[in-house]
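Following: one structure in structure tokens, then a few remarks.
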Amino acid sequence: MKVTQLNGTVRVDGVTDLDLAQTLDCGQSFRWVEGRDGFTGIAFGKRVTMRLDGESLYIDNATAEDFESIWKDYLDLDLDYGKIRSDISKLHPVLDEAAGYASGIRILRQEPWEALCTFIISQNNNIKRIKGIVERLCESFGDQIDGGYLFPSAQRLASLEREDLAPLRAGFRDKYILDAAKKVVSGEVELEKCRALPYDEARRELMKIKGVGVKVADCVLLFGLHRVEAFPVDVWMKRALETLFPDMEPSDFGEYAGIAQQYIFHYSRMHPELFG
DNA sequence: GCCCAGGTATAAA
DNA sequence: TTTATACATGGG
């Protein structure tokens with residue numbers, strides 16, 4: 001990758017295996033908005049706009065230092081997704097087929113607390129409404145920066161009561177958000193520890209939080225802590241597995257199971273007729 | 001009105 | 001241990 005600093009924009013050449021829509025608007029992060037100049041979002045204290053032209057990635061409102069310290073990691077550009085996709089394709093003929101349906105997806109390295117909060121909000125919910133709740137959460141309790149609001153800290157949310165969250169219209173999830181904030185602030189749940197913990201222990205650590213079951217825990221591990229072996233299974237994925245991979249368990253998908261899951265998810269969404 | 005949305009807590013079998 | 005139901009809200 002070659003990094004060039006323009007005015008307020010960074011250009012990165014040689015970016016492969018990346019599709020911004022597949023990566024930023026696929027239900028792993030809920031704060032990116034597509035506009036005329038690309039996808040605009042806020043992470044790690046910065047608000048940027050990204051667009052891709054061939055293998056050139058442009059990031060507005062960023063410096064070369066920002067790219068090196070934030071966005072390269074955020075987009076997981078050091079991981080060879082071409083190789084991983086090739087390896088996954090060899091596991092099963094259906095995976096070979098599925099891998100073509102989201103070949104530009106990457107697993108973001110999001111901030112863990114944000115991932116935890118947003119996936120608590122995601123339960124029994126739809127993407128459009130999740131985005132609305134997250135937006136109101138940031139506007140209500142996040143620090144203001146140029147052009148938007150940061151995701152509110154756990155400390156800030158831990159100081160609130162359910163009635164304070166009423167304007168979010170998050171429904172029954174408000175109490176789960178507060179429980180998560182309190183347990184993260186008190187140290188009863190240590191998110192960073194979950195990066196290195198054995199997978200089952202990391203899952204149990206997260207499930208100490210009310211409203212965090214196996215699905216939310218796996219999403220937080222995959223999308224917030226980059227545990228790419230995590231394989232979130234929802235109702236839809238369960239049907240996809242039964243139909244397409246009757247002889248396989250989630251644990252059979254290997255060390256990059258989470259990436260395989262993304263391929264399967266997109267593939268199955270494109271072929272709902274496969275499930276009757 | 002009814003159904004569903006990338007689920008989970010709770011109570012009962 | 002497994003299975004049913006409520007849960008808040010909003011769009012189709």
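Lettering follows sequence order; numbering is per chain, from 1.
Between Ile130(A) atom CD1 and dG7(B) atom C1' there is a gap of 11 Å when expressed in whole angstrom units. Computed from coordinates, the Arg269(A) CZ to dC4(B) P distance equals 14 Å when rounded to whole Å. In this structure, CZ of Phe119(A) is placed 12 Å from P of dT8(B), rounded to the nearest angstrom.
Phe119(A) has its ring centre less than 6.0 Å from the ring centre of Phe30(A).
Within 4.0 Å of Gln28(A), counting heavy atoms only, lies no atom of the nucleic acid at all. When heavy atoms are screened at a 4.0 angstrom cut-off, Phe265(A) is found touching base atoms of the nucleic acid.
Interatomic distance, CD1 of Ile105(A) versus CZ of Arg85(A), reported as 11.5 Å (0.5 Å rounding).
Using a 4.0 Å cut-off between charged side-chain N and carboxylate O, Asp96(A) and Lys90(A) make no salt bridge. Salt-bridge check for Asp13(A) with Arg11(A): passed, with a basic side-chain N closer than 4.0 Å to an acidic carboxylate O. Salt-bridge annotation for Arg109(A) and Asp76(A): present, with a side-chain N of the basic residue lying under 4.0 Å from a carboxylate O of the acidic one.
Across Thr40(A), Thr9(A), Asn7(A), Thr49(A), a single residue satisfies side chain to side chain donor-acceptor pair (under 3.5 Å) together with Asp60(A), and that is Thr9(A).
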For residues 249-257 of chain A, which side-chain donor-acceptor pairs fall under 3.5 Å, sequence neighbours excluded?
unit_1	atom_1	unit_2	atom_2	d
Asp252(A)	OD2	Glu249(A)	N	2.8

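Look at the P atom in both dG10(C) and dT8(B): the space between them is 22 Å, to the nearest Å.
The main-chain N or O of Arg106(A) is found under 3.5 Å from a side-chain atom of Gln28(A) such that the two form a donor-acceptor pair.
Contacts between residues 200-215 of chain A and DNA chain B, defined by a heavy-atom separation below 4.0 Å, involve Ile209(A), Lys210(A), Gly211(A), Val212(A), Gly213(A), Val214(A), Lys215(A), listed by number.
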Footprint string (nucleotides 7-12 of chain C, 5' to 3'): B base within contact, S backbone only, - free, heavy atoms under 4.0 Å
BBBSS-
